[in-house]
Asks: 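The structure's right below; bear with me while I get my questions together.
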Amino acid sequence: VSSRQKIPDAIAVAVLVANRHRCCICNIPHKHVEIHHTDGNNSNNDPSNLAVLCRDCHSRVTGDEGLGRRYSEEEVREYKRQWELECSQSRNEESDESEEEEDDDDDEEPVDSVYHSRLIRSGGHYHRVFEMKSGQELVVSITADGYINVSVCDLSDYHKFLDGEDFMEYEGDEDVRDCDLSLCASDDGTYVLLLTNAGDEDADTTIDAAVWESAEDED
Ligand SMILES: [Zn+2]
């Protein structure tokens, strides 16, 4: 398409910030990202039409390589909506915390946490990326109104999953409505909580996950 118009800088910046400069599909930090025109019209620079994607996911949206799953326009819009919602919620949490900074420090705060409900469609998946340091512990509690599979894996195995290949997991449980698991990070790195729904019914799922400092680091 030769008629591509440059996205105005102010719009590009606003969209990138709203997405914390991360791909709205995989949410993986520190990847190079591009701005994708969801409707395929390169002159429609309305922010609602602009999705932040890494190159891997972008090629799964537009690619013709005939491998793996392709993302539909509707899926990209849904990923964008969910990720921008999560980004805006975590910003609100951060500002709430700074207002309460003078409070007693009795309560331990997790390094990172997420608590929300998501509909995982039949055949679909949910994932959340956690940056963890060696010794930190990821504690996960899931409840769903249908049977789902729960895994914690590393990034390369998450990509294998996206490509429809077999993948290894550190921890996991299959066909569960309730799942509690924890994982202690053996190395610094990116850990992915992955929930998949292989059943015929959509599953309303509540995800409660937090990364905690290792006990021995506390004094
Ligand atoms: Zn991506």
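Being a predicted model, the structure only gives us computed values, none of them experimental. The residues of the chain are indexed from 1 along the displayed sequence. Read the numbers this way: they start at 1 and go in the same order the structure lists the ligands and their atoms.
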Asks: Testing the 3.5 Å rule here: is there a donor-acceptor pair between the side chains of His37 and Asn49?
Replies: no
Asks: Give a yes/no verdict on a cation-pi contact between Arg128 and Tyr126, requiring under 6.0 Å between NZ or CZ and the six-membered ring centre and an angle within 45° of the axis.
Replies: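 Verdict for Tyr126: no cation-pi partner in Arg128.
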Asks: Please confirm whether Tyr191 and Phe130 have ring centers closer than 6.0 angstrom.
Replies: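 Judged by ring-centre distance (under 6.0 Å), Tyr191 and Phe130 do not meet the cut-off.
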Asks: Just checking, any donor-acceptor pair under 3.5 angstrom between side chains of His125 and Tyr158?
Replies: yes
Asks: Under 2.8 Å from the Zn ion (ligand 1), how many protein N/O/S atoms can be counted?
Replies: 4
Asks: With sequence neighbours excluded, what pairs up with Lys31 under the salt bridge (charged side-chain N to carboxylate O under 4.0 Å, His left out) test?
Replies: Asp56
Asks: Does a donor on one side chain sit under 3.5 Å from an acceptor on the other, for Gln82 and Glu78?
Replies: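 Side-chain D/A pair, Gln82 to Glu78: present.
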